[in-house]
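Hydrogens, waters and symmetry mates are skipped; everything else that's a heavy atom, side chains included, is used.
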Amino acid sequence: MQRAVALGTARLLPDVDRPRARLLTLDGTPQSYVDPDDPAHLEFEYARRLGHVVDTAAAPGLPLDVLHLGGGALALPRYVAATRPGSRQRVVEIDGPLLELIAEELPWQGPGVHVDAVVGDAREALAAAPDGSADLVLADVFGGSRVPAHLTTVEFVREAARVLRPGGLYAANLADGPPLDFARAQAATVRAVLPEVCLMAEPSVLRGRRFGNVVLVGSTRPLAAADLARRLAADPFPARVVDGDALERFTGAAAPVTDAAARPSPEPPEGAFTLS
């Protein structure tokens with residue numbers, strides 16, 4: 001299945017190991033993987049890390065109110081619906097034709113699933129969200145293979161913090177490579193707004209050996225860093241949690257990013273995320 005959408009050419013590719021599963025790519029860059037027969041399955045490692053954030057956000061099975069910035073094929077909303085039945089979720093996806101394609105080919109609605117997917121800009125939707133209306137704000141927004149500049153700033157994180165209930169969690173999927181200047185600045189940016197912050201990434205990414213995903217988590221309450229570390233260690237591609245003094249050292253002298261100085265995340269090296 002291939003279709004022109006607002007941001008490029010979307011393809012839904014089958015998986016020989018899972019009969020109804022599909023990989024969504026946009027101009028060759030993998031965006032989402034979903035298996036309608038197993039909505040709790042998260043194929044991508046960064047998605048598993050965001051799933052761990054969901055798992056540690058509250059007691060197991062407790063419904064949550066979640067605002068998803070970025071939709072793709074709605075892998076994370078499906079995961080939340082499967083693992084926390086009764087959760088109320090709103091998904092904001094800027095690419096309307098892509099959302100239509102997913103609704104046609106990989107519909108997400110079902111009994112007890114409360115997912116409202118709308119077309120819009122992530123920051124504008126965040127600004128319009130009511131105060132204290134979400135337990136989780138999950139940002140996974142890429143324009144192609146880069147995080148848009150207006151979603152990388154102190155002002156943006158302040159809006160996320162406003163929307164969160166006390167003790168709620170903000171999590172963002174980012175991408176960076178050596179020398180990790182973008183990731184360091186993003187850690188400083190989240191820490192400028194939320195007092196409790198941790199970072200999750202594979203050791204090879206943290207050591208600056210390759211380009212890859214970095215997940216940042218922030219809250220007003222202490223994070224479940226030890227629980228997250230155990231879950232990450234058991235993943236097929238184990239990752240590390242960086243928090244406390246280690247995060248202080250990682251961030252170093254990096255300054256928080258403001259709207260006036262914002263830049264998108266760095267361009268990945270050729271072949272970093274694209275399919276051959």
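Side-chain contact annotation: Gln89 with His68, donor-acceptor N/O pair under 3.5 Å present. For the residue pair Thr56/Asp227, the side-chain donor-acceptor check at 3.5 Å is not satisfied.
Annotation for Arg11: atom CZ does not count as buried by contact number, only 12 or fewer foreign heavy atoms lying within 6.0 Å. Other residues, nucleotides and ligands contribute only 12 or fewer heavy atoms inside 6.0 Å of the CG atom of Asp245. Counting heavy atoms of neighbouring residues, nucleotides and ligands inside a 6.0 Å radius, atom CZ of Arg3 exceeds 12 of them.
Looking at Arg22 and Asp15, no side-chain N of the basic residue comes within less than 4.0 Å of a carboxylate O on the acidic one, giving no salt bridge. Note on Arg210 versus Glu202: salt bridge recorded, some NZ/NE/NH1/NH2 to OD/OE distance being below 4.0 Å. For the pair Asp38 and Arg18, the salt-bridge criterion is met [side-chain N within less than 4.0 Å of a carboxylate O]. One finds a salt bridge joining Arg191 and Glu248 here, because a Lys/Arg side-chain nitrogen approaches an Asp/Glu carboxylate oxygen to under 4.0 Å. For Glu155 and Arg158, the salt-bridge test fails: no basic side-chain N is under 4.0 Å from an acidic carboxylate O. Salt-bridge check for Glu196 with Arg221: failed, with every basic side-chain N at 4.0 Å or more from each acidic carboxylate O.
Of the inter-residue distances, the one linking Gln31 atom CD with Thr25 atom OG1 reads 8.0 Å to the nearest 0.5 angstrom. Rounding to the nearest 0.5 angstrom, the gap separating the CZ atom in Arg20 from the CG atom in Asp35 is 7.5 Å.
Exactly one residue among Leu101, Leu13, Leu24 makes a side-chain contact (heavy atoms from CB on, under 4.5 Å) with Met1. That residue is Leu101. Among Asp65, Val54, Val80, the single residue meeting the side-chain contact (heavy atoms from CB on, under 4.5 Å) criterion with Ser87 is Val80. Remark: of the listed residues Thr251, Leu174, Leu247, Leu247 is the sole one forming a side-chain contact (heavy atoms from CB on, under 4.5 Å) with Leu199. When Arg88, Arg84, Arg165 are each tested for a salt bridge (charged side-chain N to carboxylate O under 4.0 Å, His left out) with Asp135, only one passes: Arg165.
Of all the heavy atoms in Trp108 and Val113, the pair that sits closest is O-CG1, 3.7 Å. The two residues Leu98 and Ala10 come nearest to each other via the heavy atoms CD1-CB, 4.1 Å.
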Audit row: Val242, Met200, side-chain contact (heavy atoms from CB on, under 4.5 Å) steps and yes/no: CA-CA 6 Å; Val242 181; Met200 297 181 284; over 6 Å; no

Asn173 and Leu216: CA distance, side-chain angles, deciding distance, side-chain contact (heavy atoms from CB on, under 4.5 Å) verdict: CA-CA 7 Å; Asn173 177 42; Leu216 273 169; over 6 Å; no

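Taking the six-membered ring for Trp and the full ring otherwise, the centers of His41 and Tyr33 sit less than 6.0 Å from each other.
Geometric assessment of Arg184 against the ring of Phe250 yields a positive cation-pi assignment under the 6.0 Å and 45° thresholds.
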